[in-house]
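The first residue of the sequence shown is numbered 1, and numbering continues consecutively from there. Not measured: the values here are computed from a predicted model.
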Amino acid sequence: MRPINLPRRLNSGFYFARSDNSTILGFENIVKHAANSELSEQPSFYDTLCGEHGSKRVGDEKCWDPETNLTVQFLDREFFPNGAYKELWAKRNVRAACRKMGCYILHNNWISGRKKKLSRQVSSGLWDYDVSSRMCLQKWHRRKVTSYI
């Protein structure tokens, strides 16, 4: 299996972070890096936390930043896939394909524009939010969604 912590593979669209001094300093460093970069913030996550070209990689699944003492554990893309992984968003039934893989979260990225992302999420059946009530929809809700936008 290929290492999952290769350069520029850190997905900044979904992460779990503890609210402590190391994390706060790490995010401050990410923001500083992004402010001085012509790229999006995503490369700043990797370059700051894993070092340019992966100089702070530890094994195949982690990075460690000695300045902040922050350890980054990469999420397995089988369970936390991004928008390009296995072309999941192109599947006829995105929810079923993701469920079959055992996905916990499918990142709605690799598409430009908020309206395109929203349209893709709604048309795939993965939009569980009723704008009119401002409520997340769950199977125990008996409401019918009247609008998405």
Side-chain angles (χ1 to χ4, degrees), residues 1-19 23-57 60-63 65 68 70-149:
M1 189 166 147
R2 292 184 58 187
I4 59 174
N5 62 351
L6 295 174
R8 303 279 168 87
R9 300 305 266 166
L10 185 60
N11 180 350
S12 64
F14 174 77
Y15 46 85
F16 170 82
R18 288 184 171 80
S19 181
T23 303
I24 292 167
L25 180 57
F27 272 79
E28 287 173 348
N29 290 343
I30 291 165
V31 170
K32 285 178 199 169
H33 186 279
N36 295 310
S37 173
E38 293 185 18
L39 301 173
S40 71
E41 85 289 345
Q42 183 125 353
S44 293
F45 270 78
Y46 189 90
D47 291 351
T48 301
L49 300 175
C50 294
E52 294 200 21
H53 309 294
S55 62
K56 301 176 190 176
R57 288 176 56 211
D60 290 343
E61 300 174 349
K62 295 181 184 178
C63 294
D65 179 24
T68 60
L70 193 59
T71 299
V72 176
Q73 171 71 49
F74 283 66
L75 300 173
D76 186 329
R77 287 193 298 169
E78 288 292 316
F79 303 114
F80 301 91
N82 66 33
Y85 191 66
K86 295 189 177 183
E87 299 181 356
L88 280 168
W89 284 107
K91 303 289 184 195
R92 184 175 181 91
N93 186 332
V94 178
R95 185 183 298 266
C98 204
R99 188 173 287 139
K100 184 177 179 182
M101 281 179 51
C103 297
Y104 292 108
I105 290 177
L106 174 58
H107 190 181
N108 190 2
N109 67 346
W110 289 81
I111 187 172
S112 292
R114 183 186 64 79
K115 288 185 179 182
K116 287 181 184 176
K117 288 181 181 189
L118 180 59
S119 176
R120 179 167 74 176
Q121 191 127 5
V122 169
S123 67
S124 71
L126 295 174
W127 183 253
D128 296 322
Y129 180 73
D130 180 7
V131 176
S132 63
S133 68
R134 299 179 69 178
M135 298 276 299
C136 291
L137 301 175
Q138 299 295 329
K139 58 186 165 195
W140 62 82
H141 289 157
R142 299 280 183 222
R143 298 180 56 131
K144 183 176 180 176
V145 176
T146 56
S147 71
Y148 293 108
I149 301 172

Gap between atom CE of Met101 and atom CZ of Arg77 - 0.5 Å precision: 9.5 Å
Gap separating the CG atom of Asp130 from the CE atom of Met135, nearest 0.5 angstrom: 9.0 Å
Identified side chain to side chain contact (heavy atoms under 4.5 Å, CB included) counterpart of Leu70 within the set Thr23, Thr48, Leu25: Thr23
Interatomic distance, Asn108 atom CG to Trp127 atom CH2 [nearest 0.5 angstrom]: 9.5 Å
Check: Gly125 main-chain N/O paired with Arg95 side-chain donor or acceptor under 3.5 Å: yes
Close aromatic pair by centroid cut-off 6.0 Å: Phe80 and Phe16: no
Ring-ring centroid check Tyr15 Phe74, cutoff 6.0 Å: no
Main-chain N/O of Gly83 paired to Asn109 side chain as donor or acceptor, under 3.5 Å: yes
Side-chain polar contacts of residues 30-38 - donor-acceptor pairs under 3.5 angstrom, sequence neighbours left out - could you list them?
from  : atom 1 : to    : atom 2 : distance (Å)
His33 : ND1    : Ser44 : OG     : 2.7
Asn36 : ND2    : Lys32 : O      : 3.1
Ser37 : OG     : Leu39 : N      : 3.0

For the student: nearest non-hydrogen atoms of Ala17 and Phe27, plus distance: CB-CE1, 4.3 Å
Inter-residue atom distance Thr71.OG1 - Leu49.CG, 0.5 Å rounding: 10.5 Å
Asp65: side-chain contact (heavy atoms from CB on, under 4.5 Å) partners, not counting sequence neighbours: Lys56, Glu67, Thr68
Worked check of side chain to side chain contact (heavy atoms under 4.5 Å, CB included) between Tyr85 and Leu106: CA-CA 9 Å; Tyr85 191 66; Leu106 174 58; over 6 Å; no
Reported CG-to-CD distance for the pair Leu75 and Glu61, which is rounded to 0.5 angstrom: 10.5 Å
Non-hydrogen atoms of Pro81 and Glu78 that approach each other most closely: CD-O, 4.2 Å
Point-to-point distance, once rounded to the nearest 0.5 Å, from CH2 of Trp89 to NZ of Lys117: 10.5 Å
Side-chain heavy-atom pair Gln121, Tyr129 within 4.5 angstrom cut-off: no
Test side-chain contact (heavy atoms from CB on, under 4.5 Å) applied to Ser123 - qualifying residues, sequence neighbours left out: none
